[in-house]
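Inspection log for the structure reproduced underneath, given as structure tokens.
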Amino acid sequence: MGDYRSVYHQSLSDPDAFWATAAEDIHWYKKWDKVLDASNAPFYLWFAGGELNTCYNAVDYHVDNGRGDQLAIIYDSPVTDTQRTITYSELRDLVATFAGVLRDQGVSKGDRVIIYMPMIPEAAIAMLACARLGAIHSVVFGGFAANELATRIDDAKPKAIVSASCGIEPGRVIAYKPLLDGAIDIASHKPAKCVILARPQANAELQAGRDVDWHKAAAAASPADCVPVAATDPLYILYTSGTTGQPKGVVRDNGGHAVALKWSMKNIYDVDDGEVYWAASDVGWVVGHSYIVYGPLLKGCTTVIYEGKPVGTPDPGAFWRVINEHDVGVLFTAPTAFRAIKKEDPAGDYLKKYDLSKFRMLFLAGERCDPDTLQWAQDMLKVPVIDHWWQTETGWAIAANVMGIDPAPVKAGSPTRAVPGYDVQVLNEAGEQVPPGDMGSIVIKLPMPPGCLPTLWNNDARFVDSYLSRYDGYYLTGDAGYIDADGYLWIMSRIDDVINVAGHRLSTGAMEEVLASHPDVAECAVIGAADALKGQLPLGLVVLKAGVNRSDDEIVPELVKLVRDRIGPVAAFKQAVIVKRLPKTRSGKVLRGTMRQIADGETYKAPATIDDPAILDEITGHLKELGYPRG
Ligand code: COA
Ligand code: AMP
């Protein structure tokens, strides 16, 4: 505990001393030469010259320090009706053996490995096995279609892919192997080997010479030791949506990442070694990387891998059951999960069935947390409910109520103040800081703290162009908002074409590229319309080519299917409207913002430069018929 202001001030006035102290908590084979190497700014390097192994710190270290018999992982899967526990000793053996399997497939330090897995312990084991060898993993979320997987294969050029025979969604088994085979067919880069975990719910046809069975390979493998890597070597690549169909390969280093995440477990989440920490997310997202796998394991906690949903598996009491059965102290999830629970159990009747006396805190992130949801969660759970704000690029919270340092009063709708290490500012168009309360572009003054992305995979130019070129010396978060007089941040909207659907970050630009590929489509726009459950849902507005006289009822389902097939079910693209024209300025800029305001029932003012104001009335009429606004 300490005083927020002094800790924050110290982190910015002497970052070297601040992070060197935090780094003492990590096991190093060789200490760093320099805490922060700024010699090649804006490409900053943390702990340059240092050598460590992230898997050693997350697994073996605890076995070597007396935690071998403690649970590392609790797997709880209502969709398969199974539970499994893994101690730190068992985890070390499983990871070392699987690292041996990967090594047998030719994987070594610096090689990329794509992991396309459902929420099972083997997903974490595969990630840690890569880290053990110094190989770079890239986990792809199971709800993405073959095409998205192919894009990532071509960018990361993996030597091997690790997958499973299936994932399980409520009511349906998703065979992964056809998706994987399809992706490899589409991709120009071909991985040498695929390791496939057979699950009882689906068979996977193995391709001779390329595919190997996880268990058979593990039975034949010998355990691999941890390979020391440079602090600045990449640990993983995680692709995230940008403004185009080409996702951005966010790179995470080993040293800064381990230091920042371990520091965050105590200082932000106020969690101690030995506690049960549960992030109800998916290993395919950054929350899963940081707070299902690396953060809790680095800290010596027990992490929960939950294969289920907040509702329907089997009921809205699912989260309370898990907390109760496994003595969860801290839960981290997205506000959408709580909106879903609230919708089905507004009075909290399911909650009353469980003993939550060990439960201490709820953290929410991934999307804006509306005050109603925060209030409801507080009323029901009677524990602190903490909104915090971050993104794939940073890997850990930029703004939060730092519960392990100095808890601050909660203001519903704000993720509280900048986390130590982050110099968060709000700038106007001209790059000047705005006064408290004024909206602007939210930026982080460089250098960012350890753990944040050093660059994009194989694309320094895009890194600079996307994040550093707008304001010299600052990282552009892509979010807009303001800082109030008490220093609290308010995140209000994105400044780009990224939307947030059920806490999942998606690119409307990528969906537009898919719609535009339909033979009948002349042009299109996709906007994120407010949705009471998922925060936002994509909505397509489509203009057909001249001469096409097929009905909307024929074309719209084709468009919906196209997005589902190309991007995946996670896009939740279910609605498109055929319009005569898209509203544009006279210079041809599509007025997506105005269309979003119409869909959300907001009052809007068409720009003076609009080429045909009448089109807005047509769109308003169409959207009313479809039941908008729905927020
Ligand atoms: N593999 C395959 N398909 C998947 C998938 C996966 N791993 N995850 C989701 N999908 C599918 C779903 O089955 C659904 O398909 P459908 O259109 O056929 O119904 C679609 O993708 C959309 O999924 P989802 O956004 O999960 O919506 P849902 O309606 O199934 O569930 C909630 C709604 C609110 C319960 C769910 O969104 C949720 O749990 N949200 C929490 C958010 C979260 O964990 N975010 C992570 C960041 S912290
Ligand atoms: P992702 O990279 O998928 O984690 O998405 C990051 C984006 O989600 C941020 O840039 C924000 O737009 C949004 N986001 C995440 N957490 C919050 C939050 N607590 N409040 C508001 N927006 C958030």
Side-chain angles (χ1 to χ4, degrees), residues 79 116-119 123 140-145 166-176 179 238-242 248 250 279-292 306-313 316 318-319 332-344 363-370 374 386-400 413-416 442 453 476-481 489-496 498-506 528 531 533-537 560 563-564 567-574:
V79 292
Y116 186 58
M117 299 278 266
M119 279 292 288
V140 179
F141 177 62
F144 280 122
C166 64
I168 295 153
E169 281 293 287
R172 70 183 202 277
V173 171
I174 305 193
Y176 275 20
L179 292 167
L238 178 57
Y239 289 89
T240 190
S241 300
K248 294 167 168 169
V250 168
S281 176
D282 189 288
V283 285
W285 307 118
V286 70
V287 175
H289 282 64
S290 295
Y291 293 110
I292 294 174
Y306 174 69
E307 189 179 29
K309 302 265 174 176
V311 293
T313 57
F319 276 19
F332 175 170
T333 192
T336 303
F338 268 74
R339 287 197 294 270
I341 298 169
K342 178 181 168 206
K343 193 169 159 205
E344 292 199 10
F363 284 84
L364 298 171
E367 58 182 318
R368 188 177 149 71
C369 180
D370 54 292
L374 186 106
I386 309 298
D387 178 16
H388 59 324
W389 167 66
W390 51 296
Q391 45 188 208
T392 306
E393 288 84 345
T394 61
W396 63 292
I398 312 167
S414 162
T416 319
I442 308 181
L453 81 171
L476 188 71
T477 65
D479 285 307
L489 260 155
W490 298 79
I491 313 297
M492 305 311 287
S493 60
R494 289 286 304 187
I495 57 168
D496 55 16
V498 164
I499 59 170
N500 202 309
V501 179
H504 306 142
R505 174 166 157 185
L506 296 163
D531 179 77
L533 175 64
K534 296 195 175 186
Q536 283 184 306
L537 273 179
V560 168
V563 176
R564 195 177 171 92
I567 297 182
V570 66
F573 182 88
K574 304 247 159 103

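As the structure lists them, so they are numbered: ligands from 1, and atoms in each ligand from 1. We count residues from 1, following the sequence as given.
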- protein heavy-atom neighbour closest to atom 10 (O) of ligand 2 works out as Asp479 OD2, 2.6 Å

- Message: Using a plain distance cutoff, I'd like to know if Glu169 has any nitrogen or oxygen under 3.5 Å from a nitrogen or oxygen of ligand 1.
- Response: yes

- Within 4.0 Å of some non-hydrogen atom of Pro310, the atoms of ligand 1 are 35 (C), 39 (O)

- Query: Got the closest protein heavy atom to atom 32 (C) of ligand 1, with its distance?
  - Reply: Thr336 CG2, 4.6 Å

- Phe332 vs Tyr291 aromatic rings, parallel, tilted or perpendicular, using cut-offs 30° and 60°? tilted

- atom 18 (C) of ligand 2 [closest protein heavy-atom partner, distance rounded to 0.1 Å]: Glu367 O, 3.2 Å

- Message: Please confirm whether Gly478 approaches ligand 2 to less than 4.0 Å, judged on its heavy atoms.
- Response: no

- Task: Please list, chain by chain and in numerical order, all residues satisfying ring-ring contact (aromatic ring centres under 6.0 Å, His included) with Phe363, sequence neighbours excluded.
- Result: Tyr269, His388

- Message: Quick check against the 3.5 Å criterion: does Gln391 have a side-chain atom that pairs as donor or acceptor with the backbone of Thr477?
- Response: yes

- Query: Can you list the atoms of ligand 2 that are under 4.0 Å from a heavy atom of Thr392?
  - Reply: 1 (P), 2 (O), 3 (O), 4 (O)

- Item | Close-contact set for ligand 1 against Ile174 heavy atoms, below 4.0 Å | 2 (C), 3 (N)

- Within the structure, does Tyr176 bring an N/O atom to less than 3.5 angstrom of an N/O atom in ligand 1? no

- Query: Any N or O on Thr333 sitting closer than 3.5 Å to an N or O of ligand 1?
  - Reply: no

- From atom 16 (N) of ligand 2, work out which of Gly366, Pro335, Ala397 has a heavy atom at the shortest distance. Gly366

- Is atom 20 (C) of ligand 1 less than 4.0 angstrom from some protein heavy atom? yes

- Query: With Tyr239, which residues qualify under ring-ring contact (aromatic ring centres under 6.0 Å, His included), at least two apart?
  - Reply: none

- Task: For the residue pair Trp285 and His504, categorise the inter-ring angle as parallel (less than 30°), tilted (30 to 60°) or perpendicular (more than 60°).
- Result: parallel

- Message: Once rounded to the nearest 0.5 Å, what's the spacing between atom CD of Glu367 and atom CG of Asp387?
- Response: 9.5 Å

- Item | Protein contact to atom 8 (N) of ligand 1 [nearest heavy atom, distance to 0.1 Å] | Phe141 CZ, 3.4 Å

- Atoms of ligand 1 close to Lys574 [distance to a heavy atom under 4.0 angstrom, numbered from 1]: 16 (P), 17 (O)

- Would you mind listing which atoms of ligand 1 come within a distance below 4.0 Å of any non-hydrogen atom of Gly143? 1 (N), 2 (C), 3 (N), 4 (C), 5 (C), 6 (C), 7 (N)

- Look only at interatomic distance and state if Arg494 has a nitrogen or oxygen under 3.5 Å from any nitrogen or oxygen of ligand 2. yes

- Please state which protein non-hydrogen atom is closest to atom 44 (O) of ligand 1 and give its distance, to 0.1 Å? Ala280 O, 3.6 Å

- ligand 2 atoms in contact with Asn500 (distance to a heavy atom under 4.0 Å): 8 (O), 13 (C)

- Tell me: protein heavy atom nearest atom 7 (C) of ligand 2, and distance? Trp390 O, 4.1 Å

- Query: Going by the atom numbers of ligand 1, which of them fall below 4.0 Å from some non-hydrogen atom of Arg564?
  - Reply: 16 (P), 17 (O), 18 (O)

- Message: I'd like to check which ligand 2 atoms, numbered from 1 as shown, lie under 4.0 Å from a non-hydrogen atom of Ile491.
- Response: 21 (C), 22 (N)

- Polar contact flag, side-chain donor to acceptor under 3.5 angstrom, Tyr306-Thr313: yes

- Query: Can you tell which of Pro569, Ala365, Ala571 gets a heavy atom nearest to atom 14 (C) of ligand 1?
  - Reply: Pro569

- Heavy-atom distances under 4.0 Å are what count here, so tell me which part of Ala502 touches ligand 1: side chain, backbone, both or neither. both

- Message: Residue-level breakdown please: for Phe332 versus ligand 1, do any non-hydrogen atoms fall below 4.0 Å on the side chain, on the backbone, on both, or on neither?
- Response: neither

- Give a yes or no answer on whether the side chain of Asp282 reaches the backbone of Gly288 with a donor-acceptor pair at less than 3.5 Å. no

- Item | Euclidean distance, Leu374 CG relative to Phe338 CZ, rounded to 0.5 Å | 10.0 Å

- Can you pull out the closest protein heavy atom to atom 26 (O) of ligand 1? Residue, atom name and distance to 0.1 Å, please. Lys309 NZ, 3.0 Å

- Task: Any atoms of ligand 1 less than 4.0 Å from a non-hydrogen atom of Ala334? List them with their elements.
- Result: 42 (C), 43 (C), 45 (N), 48 (S)

- Message: Could you tell me, atom by atom, which parts of ligand 1 come under 4.0 Å of a heavy atom of Gly503?
- Response: 47 (C)

- Can you check whether Tyr176 reaches Pro118 side chain to side chain, under 4.5 Å on heavy atoms? yes

- The protein heavy atom nearest to atom 5 (O) of ligand 2 is Arg505 CD, 3.5 Å

- Task: Just let me know how Lys534 lines up against ligand 1, side chain, backbone, both or neither, with a heavy-atom cut-off below 4.0 Å.
- Result: side chain

- When distances are taken from atom 46 (C) of ligand 1, the protein heavy atom at minimum range is Ser281 OG, 3.4 Å

- Item | Under-4.0 Å heavy-atom contact between protein and atom 36 (C) of ligand 1 | no

- Message: I'd like to check whether His388 has a polar contact with ligand 2, where a contact means an N/O of the residue lying under 3.5 Å from an N/O of the ligand.
- Response: yes

- Heavy-atom donor-acceptor pair, Arg368 side chain to Met492 backbone, under 3.5 Å: no

- Task: Could you list the atoms of ligand 1 found under 4.0 angstrom from a heavy atom of Arg172?
- Result: 13 (O), 15 (O), 18 (O)

- Does ligand 1 have an atom under 4.0 Å from some heavy atom of Gly142? yes

- Query: Against heavy atoms of Arg368, which atoms of ligand 2 measure under 4.0 Å?
  - Reply: 20 (N), 21 (C), 22 (N), 23 (C)

